[in-house]
Amino acid sequence: MSKQKVLILGAGAAGSVVANKLAREFRRDIARDKLEITILDRNDVNINQGGFTFLPFGLYTPDDITRPRRMLISPRVKAVFGVDGEVKRVDLKKKEVTVESGKTYAYDYLVIATGCRADVDQIPGLSKDFNSFYTSIDDALRLGEKLKNFDSGKVVILTARMPIPCPGAPGKFTVLLDAYLRYIRGEDIRKDVEITYLLPIELIGPPAYNAIISSVFEERDIELIRKFVVDEVNAGQKEVVSVDGEKIEYDLLVTIPPYTNTKAMLDSGITDENGWIPVDKHTLQYHRGSESYEEVYALGDIGPAEILKTGIGAHYQAYIVAQNLINEIRGNGSKVSYLGETGCPFVGSRYTSRTRGEAYIATWNYEKPLEPFKATELGWFLYRTYYYIYWDGAIKAVM
Ligand SMILES: Cc1cc2nc3c(=O)[nH]c(=O)nc-3n(C[C@H](O)[C@H](O)[C@H](O)COP(=O)(O)OP(=O)(O)OC[C@H]3O[C@@H](n4cnc5c(N)ncnc54)[C@H](O)[C@@H]3O)c2cc1C
């Protein structure tokens with residue numbers, strides 16, 4: 001039998017887990033040159049984006065939330081990073097992927113996990129006053145510097161469009177901002193700062209999540225404006241204008257920009273009407289109208305709008321995709337199904353000299369809605385610790 005080739009695009013939260021799980025399962029086949037697993041990425045540093053929310057407040061450092069990819073991917077996997085790993089085009093009919101350097105990779109099985117990207121230019125005027133913790137380590141640190149020197153005025157936190165990765169993160173940031181101004185900078189600062197949170201939809205997450213975060217906002221004097229769909233940012237006037245003509249003034253605007261698919265996927269013509277990769281929500285196999293490619297899987301942030309974009313979800317999906325590849329390659333006739341397991345960590349308060357940290361890892365799936373919950377101090381410690389376990393536990397696919 002000729003050597004089987006599994007090609008994984010993207011070595012982030014989802015792709016790394018698939019690669020490492022397959023490498024462990026197929027170690028003998030790889031050693032006997034019967035199977036090859038290749039993973040491509042445009043760069044060689046893995047960033048845990050979940051840590052961006054904490055960076056402006058000094059709760060993690062860039063070192064905590066980054067690792068060289070070579071430390072994370074099994075040596076049994078052929079890892080290609082840089083121009084030879086930067087995907088330019090995917091041809092599902094030819095079963096071939098072309099990268100920036102011009103090289104091509106053929107595959108028997110393809111796993112697409114190149115995530116999504118911020119698209120600041122979708123909102124007129126936004127790039128003229130763009131502050132964000134969402135988009136990069138540098139942006140999050142720059143925002144942190146601004147917050148260190150922000151003594152009075154109005155901070156507006158704007159989520160421009162849905163879907164975004166981790167829809168709970170803007171709320172988490174807002175709670176941490178309140179605690180930072182109140183307990184780290186001091187009560188005198190917080191009473192001179194107004195905080196307003198603008199949301200384009202009705203609810204922050206599932207109803208049980210929305211209920212608890214809304215009550216925390218009320219308790220902390222954070223204004224919440226729902227269904228505010230931004231039309232433009234007027235940087236000169238320092239105001240955000242909605243599609244209904246409502247104007248909200250600000251002194252500091254913190255924006256979660258719109259998100260879209262990577263250029264490579266859009267250019268390949270394999271996306272759905274919303275620009276995402278269309279997969280069956282249970283099998284995660286490619287399916288667009290009458291077009292199906294059973295050997296192609298897509299997971300993580302690149303998936304269709306009906307699948308929530310979270311690291312927790314990406315992790316569950318990676319186990320499903322890896323297991324179905326194992327079943328398929330071994331020819332054992334079994335299949336496992338993604339049931340929509342996902343989640344969003346909730347933060348009710350942070351640990352300071354005056355307050356105890358409170359958090360809860362909220363999870364739910366397609367069938368089972370999130371139940372009402374209470375954040376705990378243990379939840380806070382677990383959540384904080386998870387960022388260190390992430391590298392050797394989650395990404396290496398041992399938990
Ligand atoms: C501010 C913020 C806070 C978050 N907080 C949480 C949280 O608390 N909990 C949670 O569960 N989730 C959280 N998330 C979401 C989580 O980070 C994502 O859902 C997760 O990273 C998705 O995994 P992925 O593998 O699909 O994408 P990514 O992890 O983004 O990986 C995609 C990979 O593809 C690579 N790539 C992109 N384009 C190309 C190309 N053309 N060629 C080759 N490689 C390419 C990238 O370099 C990257 O390594 C947060 C996200 C943000 C932005």
Side-chain angles (χ1 to χ4, degrees), residues 7-19 39-56 60 65-67 69 72-73 79-90 97-101 105 111-118 132-137 139-140 143 159 163-173 176 205 254 256-257 259-268 276-277 284 298-303 307-318 321 341-347 359 361-363 383-384 386-387 390 394-395:
L7 180 62
I8 302 168
L9 311 182
S16 304
V17 177
V18 176
I39 191 163
L40 309 181
D41 204 290
R42 60 184 171 185
N43 64 42
D44 60 3
V45 177
N46 188 320
I47 302 177
N48 181 356
Q49 297 161 56
F52 288 178
T53 314
F54 298 86
L55 280 186
Y60 292 111
I65 64 163
T66 53
R67 290 289 182 278
R69 295 194 200 278
L72 304 172
I73 302 292
V80 185
F81 304 137
V83 283
D84 278 348
E86 180 158 6
V87 177
K88 196 170 173 203
R89 222 172 179 84
V90 177
V97 170
T98 308
V99 293
E100 283 298 327
S101 64
Y105 296 83
V111 176
I112 307 177
T114 40
C116 59
R117 78 184 152 98
S132 188
F133 61 98
Y134 245 75
T135 31
S136 69
I137 288 179
D139 285 349
L143 176 60
T159 299
I164 57 169
C166 196
K172 234 183 308 179
F173 170 86
L176 291 172
V254 178
I256 294 84
Y259 274 80
T260 180
N261 209 329
T262 58
K263 186 171 178 306
M265 296 304 145
L266 293 167
D267 289 351
S268 299
W276 304 111
I277 302 289
L284 306 173
L299 72 162
D301 287 356
I302 206 164
I307 301 180
L308 220 59
K309 301 184 190 313
T310 70
I312 295 177
H315 194 76
Y316 280 110
Q317 291 161 31
V321 168
E341 295 90 348
T342 192
C344 201
F346 167 83
V347 170
I361 312 296
T363 56
Y383 186 33
R384 295 280 281 131
Y386 179 72
Y387 280 83
Y390 180 75
I395 290 292

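Every value quoted in this text rests on a predicted model; they were computed, and no experiment measured them. Order of listing sets the numbers, starting from 1, for every ligand and every atom in it.
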Ring-ring centroid check Tyr383 Phe54, cutoff 6.0 Å: yes

Sub-4.0 Å atoms of ligand 1 with respect to non-hydrogen atoms of Ala169: 3 (C)

N or O pair under 3.5 Å between Val87 and ligand 1: yes

Flag, side chain of Glu341 to backbone of Tyr316, donor-acceptor distance under 3.5 Å: no

Heteroatom proximity flag, Ala14 to ligand 1, N/O under 3.5 Å: yes

For atom 34 (O) of ligand 1, closest protein heavy-atom neighbour: Thr114 CA, 3.4 Å

Spatial distance of atom CD1 (Ile164) from atom OG1 (Thr310) [nearest 0.5 Å]: 11.5 Å

For atom 10 (C) of ligand 1, the protein heavy atom that lies nearest, with its residue and separation: Gly311 N, 3.3 Å

Cation-pi check, Arg384 onto Tyr60 ring (under 6.0 Å, within 45° of axis): yes

Nearest non-hydrogen protein atom, atom 28 (P) of ligand 1: Gln49 NE2, 3.7 Å

From the candidates Cys166, Gly82, Gly15, the one that places a heavy atom nearest atom 13 (C) of ligand 1: Cys166

Side chain to side chain contact (heavy atoms under 4.5 Å, CB included) between Ile47 and Phe52, intermediate numbers included: CA-CA 9 Å; Ile47 302 177; Phe52 288 178; 3.5 Å; yes

Nearest-contact summary for atom 31 (O) of ligand 1 - protein heavy atom, Å: Gly12 CA, 3.3 Å

Region of Tyr134 engaging ligand 1 - heavy atom pairs below 4.0 Å: both

Residue and atom name of the nearest protein heavy atom (relative to atom 43 (C) of ligand 1), distance in Å to one decimal: Gly85 O, 3.3 Å

Closest protein heavy atom (residue, atom, distance) for atom 18 (C) of ligand 1: Asp301 OD2, 3.3 Å

By ring-ring contact (aromatic ring centres under 6.0 Å, His included) - contacts of Tyr134 (at least two apart): none

Distance from atom 23 (O) of ligand 1 to nearest protein heavy atom, with residue and atom: Ala13 CB, 3.3 Å

Part of Lys172 within contact of ligand 1 (heavy atoms, under 4.0 Å): side chain

Atom indices of ligand 1, in the order listed, that fall short of 4.0 Å to a heavy atom of Phe52: 1 (C)

Heavy-atom pair with the smallest gap, counting every atom of Ile277 and Ala298: CG2-CB, 3.5 Å

Short side-chain to backbone donor-acceptor contact, Arg42 and Phe81, under 3.5 Å: no

Residue list, side chain to side chain donor-acceptor pair (under 3.5 Å) with Thr159, at least two apart or on another chain: none

Nearest neighbour of atom 49 (O) of ligand 1 from the list Asp41, Leu40, Thr135, on a heavy-atom basis: Asp41

Side chain to side chain contact (heavy atoms under 4.5 Å, CB included) between Met265 and Thr262, intermediate numbers included: CA-CA 6 Å; Met265 296 304 145; Thr262 58; 3.2 Å; yes

Numbered atoms and elements of ligand 1 in range of Gly300, under 4.0 angstrom, heavy atoms: 26 (O)

Sub-4.0 Å heavy-atom contact, Thr53 with ligand 1: yes

Contact check, Tyr383 vs ligand 1, heavy-atom distance below 4.0 Å: yes

Protein contact of atom 27 (O) of ligand 1 - nearest heavy atom, named by residue and atom, plus distance: Gly115 CA, 3.6 Å

N-O pairing of Lys88 and Asp267 below 4.0 Å: no

Donor-acceptor pair, side chain of Tyr105 and main chain of Gly85, under 3.5 angstrom: no

Distance-only N or O hit between ligand 1 and Tyr259, under 3.5 Å: no

Side chain, backbone, both or neither: Phe81 near ligand 1, heavy atoms under 4.0 Å: neither

Side chain Asp41, main chain Ala11, donor-acceptor under 3.5 Å: yes

Proximal atoms of ligand 1 relative to Glu86 (non-hydrogen, under 4.0 Å): 42 (N), 43 (C)

Check: Val45 main-chain N/O paired with Arg69 side-chain donor or acceptor under 3.5 Å: yes

Polar contact flag for Thr262 and ligand 1 (N/O pairs, less than 3.5 Å): no

Part of Ala113 within contact of ligand 1 (heavy atoms, under 4.0 Å): backbone

Contacting atoms of ligand 1, where contact means under 4.0 angstrom from a heavy atom of Pro345: 7 (C), 8 (O), 9 (N)

Arg69 contact mode with ligand 1 (heavy-atom cut-off under 4.0 Å): side chain

Pairwise distance SG(Cys116) to CD1(Ile302) - rounded to 0.5 angstrom: 8.5 Å

